[in-house]
Amino acid sequence: MNDEPASGRRTLLHGWGRTAPTAARVVRPRTAEQVAEALSRAGERGALPRGLGRSYGDAAQDAGGLVLDCTGLTGPVRLDAARAEVTAPAGTSMDRLLTHLLRRGYFVPVTPGTRHVTLGGAVAADVHGKNHPADSSLGAHVRALTLVTPDGRTRRLGPGGEDPDLFWATVGGMGLTGVVTEVTVAVQPVETAYMAVDTDRTADLEATLELMADTGHRYSVAWLDLFARGGALGRGVVTRARHALPRDLPPRTRRDPLRYRSTSLPVPPLTPPAGALNRWSVGAFNALRHARAPLRRRGQVQPVGDYFHPLDALRDWNRMYGRPGAVQYQFVVPFGAEGTLAHVAERLSRARVPSFLAVLKRMGAPTPAPLSFPRPGWSLAVDLPAGLPGLGAVLHGFDERVLDSGGRLYLAKDSRARAETVHAMYPGLPAWRRTRERADPGGVMVSDLARRLRLL
Amino acid sequence: MRDSVGSVRSVLLLGGRSEIGLAIVERLVREGAREVVLAARGGVDPVPGALTALGADVYSVDFDASLPETHTGTVAEAVALVGDLDVVVDAFGVLGEQSAYEADPAAAARAAAVNYGGHVSAGLAVAARLREQGHGALVVLSSVAGVRVRRFNYVYGSAKAGLDGFAQGLADSLHGSGARVLVVRPGYVPTRMSAHVAPAPFPATPGQVAEAVSAGLRSRATTVWAPRVLQPLFTGMRLVPRSLWRRLGR
């Protein structure tokens, strides 16, 4: 925007859950120099980078402060086939990156459940995908990144560079160490833009976990029907996949095996006041979705987008939760703490909570990043309408169970946890703070999330 | 900061001994608030045990509603204690007796200065802070007495009418700033302050007012009535002809 005042335009910002908006001045830098300049103008309420706003809660908000809309940090994407890595400006979306890479026969090492995230945001949240047990989170594949800190310095950091602590504090650091302006990440060769998907419909939680425990597939995810009760509790649809080979494809598709389409249907730009998701609509939807899934199907060919980003098919689907918005509760508990999973599923099912998105994933080796979420074990992510009466107390109860089981919450999803709880879940927090203070001694970088959870 | 399920962390109560105000604060603490500042003349000592027992850190600051030039300082003091103000409850005021006011015009003017002017300076001081921090809610205790002023308490009622109008205007001026104003219109609430007033129909307890405020803060409401029936009732009362209105005893 050319008419943007240098100090930014005051804008109300919220996360993907559309809850608790706060106002900040927003500027849209185009280059690392403009980022440094904007940071130098941050006032008492600090500054924060923001990507495409897919964090559910308040991670990309800085009430009263300066928010750097980093979607303007775009430019050429540079693929180095010899080193099997790609370098792109931090504002590049996963969607754009996939478009660039697939055409050339490469795929990203890790993709979250939506492709509408920026590369910078993905690093800041150390996102994971359906291949976590095999490939860990995105941070494990970042070879280098450029970080602009509030003192105006620009550093090139990597896991083996001169300041690995600051690199790992930035990975998963929720944008609080500075602004990432460029990322170099490893890529993997693929022969097609399709997945060969095995689908299984499961009858209960035990069956779901058993299928998910199978390590024969690189990618796996389970959708749970949390509306099912009693013996059917935890029933779901497990989809496990590998990258399809040309010979897997039907002849017509085989002619252009790397063809990638990113399409989505618009949802009317209306927010239904009470939300379209209630126990009846969700109950019917879930029952239908479970019943429609094949009991057992092998090797079905799906475009990568259909497998990895099914919800991206509907633009702005978060509006369906209506005015009060949505909360996503995502936690991980170690193997052996399946009881906590069952407890959460059972409580939600008993309360008839209308949740149409409940995703179970298995997690493997973590990165060394102190604030990175994944730990070996089970991760469950549940979307919940924020307006549900008593929701706060129920989730605090879950927090206690998760903490007692040695688990933790995902900061990129959180919008309501207590500071003490999160501190206990992230024992690496004091070390992360020390590293962060080195890069930002003036305490410029701050977010609503950081204030609420007293991260700094 | 209000979280996604409606809990807040910090609350400032202007009128730190107000029963309705304290009921609202207690309700917010039960719902998760952890830091409370009670602002009253001379400070509040000791602070109510109910709040500390619920796990809140309770602070107290000196606040004189009749000294408007001190109000910005009071807000700054509260910020120094707890940081961002998530909810500010503006609950101070004096009720007095109409007949006494008629006998002592100067006393009536002083009461009006607190009940209207005091809220103007305090409200503007709070609004400036909320605007700066980019979030927060100001809860203004108005009254049905100000919806249509009655002869039996027109000194008090006219100040509340002014306050109500001021709060609505302030709410509109804060639109888009991240901050908001919630106007609360309780009916007759039996408390120490109203002990000398004859009971009126549709009374509300301080707890009921607190519940209405809590619900209002969770929604996008700009106004709440307590009890709710007062809204249609007073909408009707606005239409009562003057000749009849002035004959109504209460």
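So you know, we letter chains A, B, ... as the sequences are listed, proteins then strands, and number each from 1.
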Closest non-hydrogen atoms of A:Ala23 and B:Gly178, given as atom of the first, atom of the second and distance, are CB-N, 3.9 Å
Hey, is CZ on B:Arg17 packed in by over 12 heavy atoms from elsewhere, all under 6.0 Å?
yes
How close do B:Ser177 and A:Arg10 get, counting heavy atoms only, and between which atoms?
O-NH2, 3.3 Å
Name the option with the most non-hydrogen atom pairs under 4.5 Å to chain A; the candidates are B:Arg34, B:Glu132, B:Arg9, B:Glu31.
B:Glu132
Which atoms of B:Arg218 approach chain A - backbone, side chain, both or neither, heavy atom under 4.5 Å
neither
Turns out that what part of B:Arg180 lies under 4.5 Å from chain A's heavy atoms comes down to neither
When rounded to the nearest 0.5 angstrom, what is the spacing between CG in A:Leu12 and NE2 in B:His135?
12.5 Å
For B:Arg148, is the CZ atom crowded, meaning more than 12 foreign heavy atoms sit under 6.0 Å from it?
yes
All heavy atoms of A:Arg323 vs all of B:Arg220, minimum pair found to be O-NH2, 3.5 Å
From A:Thr22 OG1 over to B:Gln133 CD, what is the distance, rounded to the nearest 0.5 angstrom?
10.0 Å
Closest heavy-atom pair and its distance - B:Ser4, A:Val327
OG-CG2, 3.4 Å
Rounded distance (nearest 0.5 Å) linking atom OG of A:Ser415 with atom CZ of B:Arg2
10.5 Å
Given a strict heavy-atom distance threshold of 4.5 Å, which part of A:Ala386 is in contact with chain B: side chain, backbone, both, or neither?
both
Around A:His423, counting heavy atoms of other residues, nucleotides and ligands shown, do more than 12 lie under 6.0 Å from its NE2?
yes
For chain B, the option from A:Gly15, A:Gly392, A:Gly17, A:Ala24 that forms the most heavy-atom pairs under 4.5 Å
A:Gly392
Within residues 63-77 of chain B, which positions have a heavy-atom distance to chain A below 4.5 Å?
none
Here the salt bridge (charged side-chain N to carboxylate O under 4.0 Å, His left out) pairs for residues 444-453 of chain A, sequence neighbours left out, are A:Asp58-A:Arg452, A:Asp62-A:Arg451, A:Asp414-A:Arg452, A:Asp448-A:Arg451
